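Notes follow the structure.
For clarity, every value in this text was computed on a predicted model and none was experimentally measured.
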Amino acid sequence: MDALQMLGEGFLGAFTPINLMWVLIGCLLGTAVGVLPGLGSSMAVALLLPITFSLDPTAAFIMFAGVYFGGLFGDSTMGILMNTPGQASAIASTFEGHKMALNGRAAQALATAAIGAFIGGFVACVVLVFLAPALADFSSRFGPAEFFALAVFAFAATSSVVTDNALKGLTALFLGLGIAVIGVDGVSGAPRFTMDSPYLFDGVSLVTVTVGILALGEVIYVACLERHTSNKKLLRPTGRPWLSRKELREATPAWLRGTAIGLPFGVIPAGGSEIPTFLAYGLEKRLDARRPHPQFGKGAIRGLAAPEAAGNSTTGMAMGALLALGLPISATAAIMLAAFRQYGLQPGPLLFDRAPDLVWSLLASFFIAMVVLLILNLPFAMLWAKLLLIPRPYLFAGITVFCALGIYATSGSLVDLLILLGIGVVGFLLRALDYPLAPLIIGMVLGPLAETSLRDAAMSANGDFSVLVHSPISIGLYVVLAAVLAFAIRGRIVARSRARAAAKSERVTEPVGR
């Protein structure tokens, strides 16, 4: 009942005209950025980060949340209509969604995605209202050793489990940690990795890194290496933008199963919604194989409904992990964590006590954002798709200008612009060499927390580092991490053995075919 009472007060704050305006702006920006090729919610939040410092914190985070949720549907719209998903989280939706579009059911596919996103996100928000205070109470038991274990858990999970190449993931992680320690040490006062330059005594701004890696680096990559998608055919949805009773009966169980799969991944630092969307798609495909007349591969509505619900339920729960634990599970959540710190706020149990108005207004705005996105996406999906007609040179030139203006507006320093350019080149090289970017961002965001927690824990135990594994919570986190790593390693070994067996069978049967 306390949670419902606080949520009611949050709705009073969220329903103010100014906050409703920011919800609408966030949803519009998120959907538009998701549709545009090469962009995503993480880039949008990174670009908006230096611009929103003049806003009230509640308004800024309400807009960020709208961008976060809206970006997922925009990614799916592009995948359904052009078979080119904007982000990895929309790949699973593309398999059957684009087949539906090719069969003349693009409007129904977009409606399935919109309703699935609404159901998954709305259920996650309901669970979040009751779970977030419990998570905050649980995290109040955390000390320096527990926070260090939590940071290590996030580091290992995002760099080793999610990425295809663990070495590349760890390299990106250590690069982020290396950037995070540049500057004057807060304890000893000694400069670290500053090359005796006074411009680096305060370290490298997280805003500069996020904008350089996610925005400017992406622009350079697309301009230099990525093939343009403008020659791909944009399918125009015709017919009814709603579902028949038969389609609703077919899709509803998949929506519910996808939502259930996505919920737990919102509090696991496993890279965001990529894994649950593929799990939801795989489950529906296995269930479909048991039917007398399998539909997968022909435009099965359940193959689109389940991943959409899973992705949005994961995103909704990810906001709870961010608010209650200070734990980012994706690059976008990591940037939002950086935004909290820029406002002088630390997500976790104290946030619910120190800024309850912000927390509950933000939670209430999630429900409003789900309704706004449903209204925007059901009838206007084709209007969003027309954004694909924007010439790429104009689009990315504008992004570059916003990158430079945003950084210069926050610091007023030409040196920061040079650092931005250098980090943009680093981001381009990482993308070109297929290094993941999320571990770098999470390493830089959580690096200071891990360092401070390690020092505090060691100092409290007079230099005895065994204090890191004394509490049940830290031991439990390490055990769970070991289990997750073992499961991931086993899965990769099985996948490689199957690939080798398939290749061997092809070599054996090749002479027979000839």
Side-chain angles (χ1 to χ4, degrees), residues 25-26 28-30 32-55 60 63-64 67-68 71 86-87 172 175-176 178-180 182-183 194-195 197-226 228 331-332 334-339 341-343 387 390-432 435 437-438 440-441 444-445:
I25 290 175
L28 287 171
L29 286 175
V33 168
V35 169
L36 291 171
L39 308 186
S41 57
S42 58
M43 180 189 289
V45 175
L47 285 173
L48 292 172
L49 193 55
I51 302 173
T52 53
F53 288 155
S54 59
L55 294 180
M63 182 174 64
F64 287 153
V67 171
Y68 199 3
Q87 298 290 321
L175 180 59
I179 297 174
I182 293 176
T194 61
M195 296 176 290
S197 173
Y199 297 107
L200 295 177
F201 284 172
D202 291 331
V204 180
S205 169
L206 180 58
V207 178
T208 304
V209 174
T210 54
V211 173
I213 290 290
L214 298 174
L216 187 58
E218 183 72 19
V219 167
I220 300 173
Y221 174 80
V222 172
C224 295
L225 298 180
E226 192 174 76
H228 293 278
T332 308
I335 301 170
M336 292 182 69
L337 176 58
R341 292 180 179 173
Q342 293 288 344
Y343 280 104
L387 292 172
I390 297 176
R392 300 288 285 278
Y394 298 155
L395 174 64
F396 288 102
I399 292 174
T400 304
V401 171
F402 274 110
C403 290
L405 287 178
I407 296 302
Y408 188 76
T410 55
S411 64
S413 172
L414 292 177
V415 175
D416 282 352
L417 291 180
L418 295 176
I419 294 175
L420 172 68
L421 180 59
I423 293 177
V425 173
V426 172
F428 159 70
L429 294 175
L430 291 175
R431 287 279 282 114
Y435 280 77
L437 301 180
L440 187 151
I441 300 297
M444 188 171 180
V445 171

Checklist entry - Considering all heavy atoms of both residues, which atom of Val204 and which atom of Met444 are nearest to each other, and what is their separation? => result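 Closest pair (atom of Val204, atom of Met444, distance): O-CE, 3.3 Å.
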Item to check | Residue pair Cys224 / Phe428: nearest heavy atoms and the distance that separates them | outcome: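 Taking every non-hydrogen atom into account, CB-CE1, 4.1 Å.
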Taking atom [atom1] of [X] and atom [atom2] of [Y], what is their separation to the nearest 0.5 Å?
X	Y	atom1	atom2	result
Ile407	Asp416	CD1	CG	7.0 Å
Phe64	Ile335	CZ	CD1	9.0 Å
Ile182	Asp202	CD1	CG	12.5 Å
Ile423	Thr210	CD1	OG1	9.0 Å
Leu418	Thr208	CG	OG1	11.5 Å
Ile213	Ile179	CD1	CD1	6.0 Å

Next on the checklist: Is any side-chain heavy atom of Val211 closer than 4.5 Å to one of Leu216?
Outcome noted: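 No, too far: nothing below the 4.5 Å cut-off.
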Next on the checklist: Less than 4.5 Å apart, side chain to side chain, heavy atoms only: is that true for Leu200 and Ile419?
Outcome noted: yes
Next on the checklist: With a sphere of 6.0 Å drawn around OH of Tyr199, does it hold more than 12 non-hydrogen atoms of other residues, nucleotides or ligands?
Outcome noted: no
